[in-house]
Student: 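Below are the structure tokens for one structure; questions will follow.
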Amino acid sequence: MITDSKMLDGVVIFSQVVTNGSFTKTADKTGHSTSYISKEVNKLESRLGVRLLNRTTRTLKLTPEGELYYQQCLQVLEDLSEVEQALDGAKTEPQGTLKISCPVSFGASKFGPIFTQFLLKYPQVNLDIELSDTKVDIIEDGYDLVIRASGSLEDSNLICKRIMSSTDVTIASPDYIQRKGMPKHPNELIEHDIIGYKNSPQPKVWDFVAHNGEKIVVKMEPRIISNLSEMKVEFCLAGLGITRLPIINVLDELKSGQLVEVFPDYENYKIDCFLVYPSRKYMSAKVRCFIDFFTQSVKE
């Protein structure tokens, strides 16, 4: 590991002097004075504790130590140049691994085809997708971006781009309604079996708004609590209770009659889907292209 912050000081100037064969020519090409070039080489020799160049008013010749050092400098500078070229290319051509966190239900159903089309369009990009409904630390966990569905996001220094909106829906199976009855008012939920969402800021509290603007807050003790939306759907289909989910997650089940909406006369809670990423500054091509591609695909 490099610990000397001055290790590269004078390296470029020294290499240019040797390549040009002259302090004067190097000064002309770099826009510095000859005295500046000379001082930089002198400081480099002083730091290294060896003479690199034997020079007179007419000749310039590498010492044995200087020849060894010069060859190594050329290799280091060539390696640095290759790295910069690679980085420059990465700014324009999407490549490398893109690490994403995505909600389980969205990733498996709605967003899966989008991921597929993105990979087909950008063959130099690899995807590392973590399907999870658990909150992640985008910086600490090393994600390029995360996809999150929420009524609201916590304030942070991250960039949050809204890409789509949906609503949640309170649902139950016909079998459950037949056995337990259809609640007419949200306050009646305390008498029912509830399937809660563990990652909610308040997993035991549901808010409702009537069409007349009345706000109702219901505190419950869920029979089941889970951090996976798909598991909540399975429990609900099995007649184990009433739950709330983004309507996009259960459209097929509602259309087929496997699930029914509870409280259709109450306004559904708005849920937005966000792309969350650290910064717009120095964004890599793979992240920039994914954001553009994903946003456009969701609109379609």
Side-chain angles (χ1 to χ4, degrees), residues 1-101 122-128 130 136-146 156-159 276-291:
M1 180 181 293
I2 296 176
T3 57
D4 185 356
S5 61
K6 296 183 179 181
M7 181 170 288
L8 295 177
D9 288 359
V11 168
V12 175
I13 294 295
F14 165 71
S15 300
Q16 290 178 320
V17 167
V18 177
T19 301
N20 295 324
S22 165
F23 282 84
T24 302
K25 288 181 180 179
T26 302
D28 291 339
K29 291 183 177 182
T30 61
H32 294 295
S33 65
T34 303
S35 61
Y36 172 84
I37 300 298
S38 180
K39 287 178 181 178
E40 286 297 299
V41 173
N42 288 338
K43 285 193 292 185
L44 178 61
E45 290 178 325
S46 177
R47 181 167 61 82
L48 295 174
V50 296
R51 179 174 288 277
L52 300 173
L53 293 167
N54 287 320
R55 57 263 204 195
T56 66
T57 55
R58 293 186 178 183
T59 63
L60 186 68
K61 186 177 181 180
L62 285 166
T63 65
E65 294 83 1
E67 179 65 36
L68 175 63
Y69 190 70
Y70 173 63
Q71 294 301 325
Q72 294 299 316
C73 286
L74 288 181
Q75 184 61 56
V76 169
L77 294 175
E78 182 179 342
D79 290 343
L80 286 174
S81 178
E82 289 180 358
V83 170
E84 290 191 2
Q85 289 175 15
L87 289 175
D88 187 61
K91 295 176 187 176
T92 56
E93 180 63 27
Q95 56 185 293
T97 299
L98 187 65
K99 187 175 181 182
I100 300 172
S101 174
Y122 298 104
Q124 299 303 314
V125 176
N126 303 320
L127 281 185
D128 180 351
E130 176 76 17
V136 299
D137 187 321
I138 188 171
I139 304 297
E140 185 69 23
D141 297 333
Y143 288 99
D144 291 296
L145 54 85
V146 301
S156 71
N157 294 323
L158 302 174
I159 307 300
V276 184
Y277 46 97
S279 174
R280 292 188 179 95
K281 191 175 183 181
Y282 304 131
M283 186 183 293
S284 66
K286 63 185 179 182
V287 175
R288 183 177 63 254
C289 287
F290 181 84
I291 291 172

Student: Can a donor-acceptor pair be found, under 3.5 Å and without considering hydrogens, that links the side chain of Lys99 to the backbone of Asp141?
Tutor: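 Judged by distance alone, yes, a pair lies under 3.5 Å.
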Student: Judged by modelled atom types alone, do Thr63 and Tyr69 share a side-chain donor-acceptor pair under 3.5 Å?
Tutor: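 Absent: no donor and acceptor within the cut-off.
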Student: To the nearest 0.5 Å, what is the distance between NE2 (His32) and CD (Gln16)?
Tutor: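 One finds 8.5 Å between NE2 of His32 and CD of Gln16.
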Student: Determine, stepwise, if the pair Tyr70 / Leu52 fulfils side-chain contact (heavy atoms from CB on, under 4.5 Å).
Tutor: CA-CA 9 Å; Tyr70 173 63; Leu52 300 173; over 6 Å; no
Student: What are the two closest heavy atoms between Gly10 and Leu44, and how far apart are they?
Tutor: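 So the minimum-distance heavy-atom pair works out to O-CD2, 3.7 Å.
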Student: Between Leu98 and Val287, is a side-chain contact (heavy atoms from CB on, under 4.5 Å) present by the stated rule, with each step listed?
Tutor: CA-CA 7 Å; Leu98 187 65; Val287 175; 3.7 Å; yes
Student: Of the non-hydrogen atoms in Leu77 and Ser15, which two are nearest, and what is the gap between them?
Tutor: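 It is CD1-OG, 3.6 Å.
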Student: Kindly check if the number of other-residue, nucleotide or ligand heavy atoms within 6.0 Å of NZ (Lys25) is above 12?
Tutor: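 Incorrect, the count does not exceed 12.
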Student: Look at the side chain of Thr26 and the backbone N and O of Ser22, then say whether any donor-acceptor pair between them is shorter than 3.5 Å.
Tutor: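 Yes; judged by distance alone, with no hydrogens or angles, the pair exists.
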Student: Grab the two heavy atoms, one from Gln124 and one from Pro94, that are nearest each other, plus how far apart they are.
Tutor: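 For Gln124 and Pro94, the tightest heavy-atom pair comes out as CB-O, 3.4 Å.
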Student: Check the pair Phe23, Val41 against side-chain contact (heavy atoms from CB on, under 4.5 Å), reporting the backbone distance first and the verdict last.
Tutor: CA-CA 10 Å; Phe23 282 84; Val41 173; 4.0 Å; yes
Student: With the side chain counted from C-beta on, respond yes when Val76 and Val11 share a heavy-atom pair under 4.5 Å apart, and no when they do not.
Tutor: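 Result no, sub-4.5 Å side-chain heavy-atom pair not found.
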Student: Quick one: closest heavy-atom pair of Ser33 and Ala27, and the distance?
Tutor: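 Closest heavy-atom pair between Ser33 and Ala27: C-CB, 3.8 Å.
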Student: side-chain contact (heavy atoms from CB on, under 4.5 Å) for Glu130 and Val136? Distances and angles first, verdict last.
Tutor: CA-CA 10 Å; Glu130 176 76 17; Val136 299; 5.8 Å; no
Student: Would you check if Tyr36 and Thr30 make a side-chain contact, meaning some heavy-atom pair closer than 4.5 Å?
Tutor: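 No, their side chains stay 4.5 Å or more apart.
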Student: Does Leu53 offer a backbone N or O that forms a donor-acceptor pair with the side chain of Glu45 under 3.5 Å?
Tutor: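 It does hold such a pair.
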Student: Ignoring hydrogens, what is the shortest heavy-atom contact between Leu145 and Ile138? Give both atom names and the distance.
Tutor: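 It is CA-CD1, 3.7 Å.
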Student: Please round to the nearest 0.5 Å and tell me the distance separating atom SG of Cys73 and atom CZ of Phe14.
Tutor: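 Separation between the atoms: 6.0 Å.
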Student: Any chance you could measure Lys39, atom NZ, to Ser46, atom OG, to the nearest 0.5 Å?
Tutor: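 Output value for this atom pair is 14.0 Å.
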Student: Testing the 3.5 Å rule here: is there a donor-acceptor pair between the side chains of Gln75 and Gln71?
Tutor: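 There is no such pair between these side chains.
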Student: Do Thr97 and Asp128 have side-chain N/O donor and acceptor atoms under 3.5 Å apart?
Tutor: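 Absent: no donor and acceptor within the cut-off.
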Student: Under 3.5 Å, side chain of Ser38 to main-chain N/O of Thr34, donor-acceptor pair present?
Tutor: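 No, because the side chain of Ser38 does not come within donor-acceptor range (under 3.5 Å) of the backbone of Thr34.
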Student: Donor-acceptor pair, distance only, cut-off 3.5 Å: does the side chain of Asp137 make one with the backbone of Ile139?
Tutor: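 Answer holds: yes.
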